[in-house]
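Just so it is clear: chains get the letters A, B, ... in the order the sequence lines come, proteins before strands, and each one is counted from 1.
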There are 2 protein chains.
Amino acid sequence: MEANDLNVLRTAIQRFVPLTDQEWELLTPHLRYRSLARGEKWISEGRKEQDMGIVLEGNMRHYYTRDGEEKTTYFYFERHLVSSYISAITGTPSLLTIEALTDSRLLAFSYAHLQTLYDHSPKWERFGRLVAEYLAIGLEDRMAGLLTMSPEERYLQLLEGNKQKIIERVPQHYIANYLGITPVSLSRIRKRLLEK
Amino acid sequence: MEANDLNVLRTAIQRFVPLTDQEWELLTPHLRYRSLARGEKWISEGRKEQDMGIVLEGNMRHYYTRDGEEKTTYFYFERHLVSSYISAITGTPSLLTIEALTDSRLLAFSYAHLQTLYDHSPKWERFGRLVAEYLAIGLEDRMAGLLTMSPEERYLQLLEGNKQKIIERVPQHYIANYLGITPVSLSRIRKRLLEK
DNA sequence: TCTTTTTATTATCTTTTGTTAACGTTTGTA
DNA sequence: TACAAACGTTAACAAAAGATAATAAAAAGA
């Protein structure tokens with residue numbers, strides 16, 4: 001296993017909790033690589049998906065399926081932790097699918113193993129808490145935006161915020177889903193904004 | 001301090017983690033009552049709000065303020081844990097206000113103290129993790145609803161789900177905010193549904 | 001009780017969004 | 001290179017939502 005890839009994951013984890021080598025080595029034997037071709041699914045709706053990973057290379061999206069329509073609601077880029085988090089922590093079938101937008105490479109491990117670490121190491125338990133808090137903060141912010149802003153305002157926020165990567169690297173019709181509108185509507189919003 | 005009130009809180013906490021008496025008594029000395037009149041604010045936007053509590057009696061709402069408009073996005077009833085969670089965990093000023101919808105009674109403690117418990121007791125750290133996970137699950141579910149369902153579908157879900165309490169006990173114009181629409185629009189949706 | 005405030009509905013008008021389809025462009029692949 | 005698929009824009013129409021104002025009923029407070 002490539003040392004640099006390991007460091008990418010360790011650095012991501014240590015943004016939450018600094019680890020001793022010993023603590024880190026509780027996880028490393030359980031890591032494995034996963035390569036995905038563009039369009040390939042990593043996590044599938046309806047299955048109990050316990051895997052968690054970090055994106056080493058590539059972009060991914062996750063989407064819900066409603067009436068046969070795919071609704072993309074999140075994107076993952078390099079160094080992002082990716083999983084069907086709720087399926088992993090609850091052990092219930094995943095409600096969403098995660099697929100590669102471009103050819104991608106992941107470093108993955110099972111959440112079940114992480115849970116055993118929770119039992120054996122306070123540092124890892126703390127990591128689990130901080131990740132959940134981080135996720136809750138992000139979701140709360142996103143939800144507040146959906147409830148208090150118009151689609152146009154949300155699009156402008158995407159342009160200004162630290163989310164340019166989404167604009168640059170993701171097809172626009174997926175971004176429309178992410179904003180809670182249709183691709184046609186997003187195209188109109190863009191036109192309206194250009195006319196100003 | 002009333003034994004029954006203490007039990008209400010302990011039961012709520014033990015839905016996440018069972019505690020020994022000794023662990024429980026790490027928290028009890030730091031509890032205090034708080035009574036609020038209808039309309040009174042408990043948490044105010046712009047202030048660092050570290051308090052967390054459980055509703056013993058009454059209903060509360062939390063809202064964001066945008067352009068002078070209040071947007072209500074959550075409700076609390078008896079036995080619910082209530083706080084400006086993100087302000088508490090990050091130590092940043094609260095983005096939202098929490099006020100009593102009816103005369104209310106809370107049992108409260110400071111999140112700062114809970115954080116010291118995280119350092120001293122694995123059981124309490126686990127509680128912190130499980131609460132954050134619980135919150136993330138709820139937020140993800142809510143957000144998926146906002147992105148994949150129409151306002152009418154969201155209203156119907158509120159009628160059917162385990163959320164009747166909201167319909168029964170909260171004025172309709174707050175529910176409209178909660179669904180991401182205006183009160184006028186919710187009134188029209190109700191009319192449309194009745195005509196079927 | 002009486003008065004004030006809060007709440008819900010309705011009407012009108014404007015704006016936005018959804019839906020469907022057509023079109024041209026770009027991108028990916030055989 | 002050539003063909004097919006994916007992508008973004010535009011048009012036309014229908015449906016829904018926002019804004020504002022008027023009204024009536026219900027609830028709260030004095």
Side-chain angles (χ1 to χ4, degrees), chain A residues 36-41 58-61 63 66-72 75 99-104 145-156 158-159 166-196, chain B residues 36-41 58-61 63 66-72 75 99-104 145-156 158-159 166-196:
Chain A
L36 298 164
R38 174 188 153 91
E40 194 177 348
K41 294 184 172 72
N59 314 327
M60 307 184 78
R61 68 178 177 116
Y63 60 89
R66 292 272 187 284
D67 315 311
E69 293 261 300
E70 294 176 3
K71 304 274 192 173
T72 299
F75 306 104
E99 73 164 40
L101 280 169
T102 63
D103 293 350
S104 301
L146 288 169
L147 288 172
T148 68
M149 294 163 68
S150 67
E152 177 172 321
E153 289 171 318
R154 294 200 291 275
Y155 177 67
L156 287 170
L158 210 57
L159 289 179
I166 294 180
I167 301 283
E168 291 162 14
R169 295 169 62 176
V170 171
Q172 190 173 304
H173 62 288
Y174 293 141
I175 294 176
N177 286 176
Y178 181 86
L179 295 171
I181 56 179
T182 61
V184 176
S185 191
L186 177 54
S187 185
R188 282 188 293 229
I189 287 172
R190 283 162 53 83
K191 190 182 182 184
R192 253 180 275 152
L193 289 172
L194 281 174
E195 284 167 358
K196 291 180 186 169
Chain B
L36 298 164
R38 174 187 150 91
E40 194 176 349
K41 293 183 173 71
N59 314 327
M60 308 184 78
R61 68 176 177 117
Y63 61 89
R66 292 272 187 284
D67 316 311
E69 294 261 300
E70 293 176 3
K71 305 274 193 172
T72 299
F75 307 103
E99 74 165 39
L101 280 170
T102 64
D103 293 350
S104 300
L146 288 168
L147 287 172
T148 67
M149 293 162 69
S150 68
E152 178 172 320
E153 289 171 320
R154 294 200 290 276
Y155 177 68
L156 287 171
L158 210 57
L159 289 179
I166 294 180
I167 301 283
E168 291 162 15
R169 294 169 63 176
V170 171
Q172 191 172 303
H173 60 288
Y174 294 140
I175 295 175
N177 286 176
Y178 181 86
L179 296 172
I181 56 179
T182 62
V184 176
S185 190
L186 177 55
S187 185
R188 281 188 293 229
I189 287 171
R190 283 162 52 82
K191 191 181 181 186
R192 252 181 276 152
L193 290 172
L194 280 175
E195 285 166 357
K196 292 177 187 171

Whole-Å distance separating the [atom1] atom of [X] from the [atom2] atom of [N]:
| X | N | atom1 | atom2 | value |
| --- | --- | --- | --- | --- |
| B:L179 | D:dG18 | CG | C1' | 16 Å |
| A:E70 | D:dA6 | CD | P | 11 Å |
| B:L193 | D:dA15 | CG | P | 16 Å |
| B:L146 | D:dA17 | CG | C1' | 16 Å |
| B:Y155 | D:dA17 | OH | P | 14 Å |
| B:L101 | D:dA28 | CG | C1' | 14 Å |
| A:E195 | C:dT15 | CD | P | 14 Å |
| B:R61 | C:dT6 | CZ | P | 11 Å |

Does a donor on one side chain and an acceptor on the other come within less than 3.5 Å for A:R38 and A:T102?
->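 Their side chains do not contain a donor-acceptor pair, so the 3.5 Å distance test is not met.
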State whether the side chain of B:E153 and the backbone N or O of B:S150 hold a donor-acceptor pair below 3.5 Å, judged by distance alone.
->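 Side chain of B:E153 to backbone of B:S150: a pair is present.
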Between the side chain of B:R154 and the main-chain N/O of B:L179, is any donor-acceptor distance below 3.5 Å?
->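 Pair found, side chain donor or acceptor close to backbone of B:L179.
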Salt bridge (Lys or Arg N to Asp or Glu O under 4.0 Å) with B:E152: which residues, sequence neighbours excluded?
->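 If we apply the salt bridge (Lys or Arg N to Asp or Glu O under 4.0 Å) test to B:E152, skipping adjacent residues, the hits are B:R192, B:K196.
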Nearest-0.5 Å distance, NE2 of residue A:H173 to CG of residue A:L186 |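 So the gap between those two atoms works out to 11.5 Å.
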Roughly how far, to the nearest 0.5 Å, is the CG atom of B:L158 from the CD1 atom of B:I167?
->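 Atom-to-atom, B:I167:CD1 and B:L158:CG are 4.0 Å apart.
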May I ask you to evaluate whether [X] reaches the phosphate of [N], defined as a side-chain N or O under 4.0 Å from OP1 or OP2?
| X | N | result |
| --- | --- | --- |
| B:Q172 | C:dT6 | no |
| A:H173 | D:dG8 | yes |
| B:R190 | C:dT9 | yes |

For DNA chain C, whose closest nucleotide is more 5', that of A:E152 or that of B:R38?
->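 It is B:R38 whose nearest nucleotide is closer to the 5' end.
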Does any non-hydrogen side-chain atom of A:P183 lie less than 4.5 Å from one of A:Q172?
->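 Side-chain contact under 4.5 Å: no.
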Side chains of A:L101 and A:Y174 in contact at under 4.5 Å (non-hydrogen atoms) |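 A:L101 reaches A:Y174 side chain to side chain.
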Terminal axis angle for the helix from C:dT1-D:dA30 to C:dA30-D:dT1, five pairs an end, nearest 10 degrees =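 About 60° separates the two local helix axes.
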State plainly whether the residues A:E195 and A:R190 are in salt-bridge range, i.e. N to O under 4.0 Å.
->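 Answer for the salt bridge query: no.
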Under a 4.0 Å heavy-atom cut-off, which of residues 181-189 of chain A touch DNA chain C?
->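 Correct list: A:I181, A:T182, A:V184, A:S185, A:R188, A:I189.
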Among D:dA17, D:dC7, C:dT10, the nucleotide that comes nearest once only the side chain of B:P151 is considered |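 Nearest listed nucleotide: D:dA17.
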